[in-house]
Amino acid sequence: MKTISTVRFRPKPKYFDFIADQLKERADHWASRGTTAKVYLVQDDDELIFQIILDGMDTLIENQDEALAYLDTIREYLIKYPEEEGHTSARTAFVLYESE
């Protein structure tokens, strides 16, 4: 079943463009994989939202360590969310319906 993963980032203001560029490269990295249906990077005020639609949950699980290692490379440029979330706010869900 397709899976959608959404990760919200709040870059420190002076690093906003730097983080946007880093996440664009990350989007291209994911888009080049055969298991990725779509990748989006959008801006909502002071947040960058990285959204990826994968062919299945297995891909997300298999790449979790790589994703966390990547986060470690940009963590210092991010504003922390409340303690329960950390430097990102992430959600993953199953796609129940997709229009043609």
Side-chain angles (χ1 to χ4, degrees):
M1 178 176 268
K2 282 189 179 180
T3 304
I4 188 167
S5 184
T6 303
V7 183
R8 299 176 82 93
F9 300 83
R10 285 189 347 202
K12 293 176 181 174
K14 68 181 183 178
Y15 297 112
F16 190 91
D17 291 337
F18 171 74
I19 293 298
D21 289 342
Q22 294 295 307
L23 293 175
K24 287 175 191 174
E25 288 180 20
R26 192 70 180 164
D28 289 341
H29 171 78
W30 273 99
S32 70
R33 298 177 174 201
T35 56
T36 304
K38 282 285 189 182
V39 183
Y40 300 94
L41 178 62
V42 298
Q43 180 180 348
D44 183 9
D45 292 325
D46 64 342
E47 288 185 308
L48 292 169
I49 303 162
F50 187 93
Q51 193 165 58
I52 186 167
I53 300 173
L54 301 166
D55 292 335
M57 180 65 94
D58 292 344
T59 303
L60 192 62
I61 293 167
E62 291 167 6
N63 292 285
Q64 185 174 5
D65 289 342
E66 177 193 338
L68 291 173
Y70 173 76
L71 175 59
D72 286 342
T73 69
I74 63 169
R75 191 179 308 271
E76 67 184 280
Y77 306 106
L78 303 174
I79 297 170
K80 240 179 148 175
Y81 284 88
E83 279 304 313
E84 61 273 5
E85 297 192 58
H87 285 89
T88 64
S89 176
R91 302 222 31 182
T92 299
F94 293 111
V95 176
L96 296 179
Y97 174 78
E98 185 176 3
S99 67
E100 294 296 321

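Just the heavy atoms: all of them, side chains too, but no hydrogens, waters or symmetry mates, feed the values below.
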(message) Checking Tyr81 against Glu47: is there a side-chain donor and acceptor pair closer than 3.5 Å?
(response) yes

(request) Please confirm whether the backbone N or O of Glu76 pairs with a side-chain atom of Lys12, one donor and one acceptor, at under 3.5 Å? (result) yes

(request) Provide the closest heavy-atom pair for Phe16 versus Leu48 in the form atom of the first, atom of the second, distance. (result) CZ-CD2, 3.5 Å

(request) Could you tell me the separation between the CG atom of Asp46 and the CD atom of Gln43, rounded to the nearest 0.5 Å? (result) 8.5 Å

(message) Quick check: do Lys38 and Glu98 have side-chain heavy atoms less than 4.5 Å from each other?
(response) no

(request) Could you tell me the separation between the CG atom of Leu68 and the CG atom of Asn63, rounded to the nearest 0.5 Å? (result) 11.0 Å

(request) Calculate, to the nearest 0.5 Å, the distance between atoms CD1 and CZ belonging to Ile19 and Arg10 respectively. (result) 13.5 Å

(message) In the structure I gave you, are the side-chain heavy atoms of Tyr15 and Ile74 within less than 4.5 Å of one another anywhere?
(response) no

(request) To the nearest 0.5 Å, tell me how far Ile49 CD1 sits from Leu23 CG. (result) 11.5 Å

(message) Show the nearest heavy-atom pair for residues Ser5 and Thr92, with the distance to one decimal.
(response) OG-OG1, 3.3 Å

(request) Taking all heavy atoms of Arg8 and all of Asp44, pick out the closest pair and write down the distance. (result) NH2-OD2, 3.3 Å

(request) Could you grab the distance from atom CG of Asp21 to atom NZ of Lys24, nearest 0.5 Å is fine? (result) 5.0 Å

(message) Starting from Phe94, can I reach Val7 by hopping between I/L/V/M/F/W/Y residues whose side chains sit under 4.5 Å apart?
(response) yes

(request) Over all heavy atoms of both residues, which pair between Met1 and Val95 is shortest? Give the atoms and the distance, please. (result) CG-O, 3.9 Å

(message) Is it true that, when you exclude Gln64 itself, more than 12 heavy atoms of the residues, nucleotides or ligands shown sit nearer than 6.0 Å to its CD?
(response) no

(request) Could you pull out the closest heavy-atom pair between Pro11 and Phe9, with the gap in Å? (result) CD-O, 3.4 Å

(message) Just so I know, are the side chains of Gln22 and Tyr70 near enough to count as touching, which here means a heavy-atom distance under 4.5 Å?
(response) yes

(request) Please report the closest heavy-atom contact between Ile79 and Pro13, naming both atoms and the distance. (result) CD1-CD, 4.2 Å

